[in-house]
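Notes follow the structure.
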2 protein chains.
Amino acid sequence: MYTLTYTIKQKMQKDTTSENLPLAEIAYRAIREEILNNQFKAGEQVLEKALVERFGISRTPVREACVRLEKEGLIEIKPRHGIRVKPISVEDMAEIYDILTALESEAARILAEKQLTEEDYKSLAAPTEAMEQALENDQLEAWAEADEAFHLALVNLTGNQRLKQVVLQFWGQAHRVRYFTLHLRPKPTGSTQDHIDLVNAIKAGNANLAAEIHRNHRIKGKHTLLNLLETYRFVQL
Amino acid sequence: MYTLTYTIKQKMQKDTTSENLPLAEIAYRAIREEILNNQFKAGEQVLEKALVERFGISRTPVREACVRLEKEGLIEIKPRHGIRVKPISVEDMAEIYDILTALESEAARILAEKQLTEEDYKSLAAPTEAMEQALENDQLEAWAEADEAFHLALVNLTGNQRLKQVVLQFWGQAHRVRYFTLHLRPKPTGSTQDHIDLVNAIKAGNANLAAEIHRNHRIKGKHTLLNLLETYRFVQL
DNA sequence: GTGTACGTTAATGTATACATTAATTTTTAG
DNA sequence: CTAAAAATTAATGTATACATTAACGTACAC
């Protein structure tokens, strides 16, 4: 059962960053965080009233938070049955991966056609090195984090804010599933090399090659994940 | 100045489709429609109070509608200054076109790898024919509508609901600008052929070619539009 | 025992009241 | 007359009250 470990007001005292934020924003972030962590689990339903009581705030900001989360694709609002964390099926993951493949390959293409600074390259190289390190030390969580950082840097460097936002949105939807399967999949030894190859193609200004490399990287990832989900009979998560 | 021609309640009586919809949903659709039509113009600010009075409903559903529209990228909520229709700059259009290019090319690729029915092909061929017809009769609005229908069919046939939703979202953001420039641009005579070529590539099952054709089609469209915006010094719309 | 009609409950959609504070106006000190 | 300070206003963020109705339970007919 979903329960919060602290109330909003406690959070507000502790957390200096949220001091001036509207309650709706705080509630939005708090609920979102718990969904991504899998503390508020897929398929689980919670009544508005329950959220209100746990947060110690009124229905209005809770409702606003829910509306935003629904638009973001993380929950469904089911009238009279509260909100429900949208479970992600194998088909959903396929949808998400196809979108990320398209958008990130486009990002790779854009970067290859753009003049990047040393700093920019560093923001790609650093996560790649972190991935390698993490793999050597068998730290899968750290690896996943560095991998996310790389992919985020990729879209970030394009300067296309909308592209970045959409990628983050779907990344959010997929996040849970990726962490579930993290310890079940074979060691992602190929990823580091793919990233290095991609950066080289970008450096060489070869847009088609960069896009192609990243497309294949993502397709590989998609297949690994979908196979895993089917092997373990995860119908939805 | 932005004024509604009818109140929500009048609309509810007329419009049987919205009979059971929540007021928040009705307000959302009404405001969205007026933004897309350019009745509620880019850069224009309206106070919540004004919307409440025009719609004859309370602040709560109006607010919910605004939150949704903000998430959708159509407006900004500016505390104490109401909501503001986000103007679209040349850079914004470039961002949007890059995303649509990536997603629709992916759609083309997916369709080429998929078995489509005769019905499916019809949903692509019909808008293409409509485009040709409209062009012959110099009906630019009809042409634009058919063109939209083609692009929508393209993503729709993939079966990827998320892909479709994202494309529609950005299409919504760009809609206004496309209509602005519709009568300023050279007759889009090449578009029909591009669409025919695309369908042929899909039929032939040539995924890379299909993606490539559509990518080039979109890039052409992007350049035409951006040049137009610069020629006419439309800094933002 | 089963199924239908009725009454009750409770969750949400909507309206409204209240609190907060940015923005504006007025006042006043120099 | 100028500029800082104080008072006022108004818009929003939040809380709460009210209305509606789906969902549930109970009673009754058969």
Side-chain angles (χ1 to χ4, degrees), chain A residues 1-2 4 7-13 15 17-32 40 43-71 74-86, chain B residues 1-2 4 7-13 15 17-32 40 43-71 74-86:
Chain A
M1 181 51 179
Y2 169 63
L4 283 174
T7 72
I8 287 281
K9 280 174 190 177
Q10 286 172 338
K11 194 187 177 69
M12 278 167 68
Q13 287 177 332
D15 193 346
T17 61
S18 64
E19 223 145 74
N20 295 320
L21 294 178
L23 294 181
E25 176 69 25
I26 298 175
Y28 163 75
R29 293 189 191 182
I31 299 171
R32 184 171 190 280
F40 190 178
E44 196 169 342
Q45 290 195 12
V46 172
L47 292 176
E48 233 178 66
K49 198 184 170 192
L51 291 170
V52 163
E53 282 167 7
R54 284 168 194 160
F55 286 128
I57 62 179
S58 80
R59 282 181 58 208
T60 313
V62 167
R63 198 155 209 296
E64 177 170 332
C66 292
V67 168
R68 289 166 63 185
L69 290 165
E70 182 173 53
K71 265 279 185 191
L74 289 175
I75 67 167
E76 291 176 282
I77 296 177
K78 313 193 72 174
R80 285 172 195 280
H81 297 282
I83 64 169
R84 174 165 178 271
V85 178
K86 270 199 186 167
Chain B
M1 181 51 177
Y2 168 66
L4 282 175
T7 71
I8 287 278
K9 279 173 193 178
Q10 286 171 338
K11 193 184 180 72
M12 278 166 68
Q13 287 177 332
D15 193 347
T17 60
S18 65
E19 223 143 75
N20 294 319
L21 293 178
L23 294 181
E25 176 68 25
I26 298 174
Y28 163 75
R29 293 190 191 181
I31 299 171
R32 185 173 191 280
F40 189 178
E44 196 171 341
Q45 290 195 10
V46 172
L47 293 177
E48 232 178 64
K49 197 184 170 191
L51 292 171
V52 162
E53 282 166 9
R54 282 164 196 163
F55 286 127
I57 63 178
S58 80
R59 281 180 60 208
T60 312
V62 167
R63 198 154 208 295
E64 177 170 332
C66 292
V67 168
R68 289 166 63 184
L69 290 165
E70 182 172 52
K71 265 280 187 193
L74 289 175
I75 67 167
E76 290 176 284
I77 297 177
K78 312 194 72 174
R80 283 168 198 281
H81 298 280
I83 65 170
R84 173 164 178 272
V85 178
K86 269 196 186 171

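Values reported hereafter were calculated over all heavy atoms of this structure, with side chains retained and with hydrogens, waters and symmetry mates removed. Naming convention: chains lettered A, B, ... in sequence-line order (proteins, then strands); numbering from 1 in each chain.
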- Test: A/Glu76 and A/Arg84 ion pair at under 4.0 Å: yes
Short side-chain N/O contact from [X] to OP1 or OP2 of [N], under 4.0 Å:
X: B/His81; N: C/dA23; value: yes
X: A/Thr60; N: D/dT14; value: no
X: A/Ser58; N: D/dA15; value: yes

Mind calculating the distance between [atom1] ([X]) and [atom2] ([N]) to the nearest angstrom?
X: B/Tyr28; N: C/dT14; atom1: OH; atom2: C1'; result: 20 Å
X: A/Arg84; N: C/dA11; atom1: CZ; atom2: P; result: 18 Å
X: B/Ile26; N: C/dA15; atom1: CD1; atom2: P; result: 11 Å

When the side chains of residues 64-71 of chain A are checked against the rest of the protein, which donor-acceptor pairs come out under 3.5 Å, sequence neighbours left out?
residue	atom	partner	partner atom	Å
A/Glu64	OE1	B/Arg63	NH1	2.5
A/Arg68	NH1	A/Glu25	OE1	3.2
A/Arg68	NH2	A/Glu25	OE1	2.7
A/Glu70	OE2	A/Ile77	N	3.0
A/Lys71	NZ	B/Tyr28	OH	3.2
A/Lys71	NZ	B/Glu72	OE1	2.8

- Query: Among all residues two or more places apart in sequence or in another chain, which pass the side chain to side chain contact (heavy atoms under 4.5 Å, CB included) test with A/Arg80?
  - Reply: none
- Item | B/Pro61 side-chain proximity, nearest of D/dA15, D/dA11, C/dT14 | C/dT14
- Query: From D/dA11, C/dA15, D/dA17, pick the nucleotide closest to the side chain of B/Leu23?
  - Reply: C/dA15
Every protein N/O lying under 3.5 Å from an N/O of nucleotides 5-10 of chain C:
none

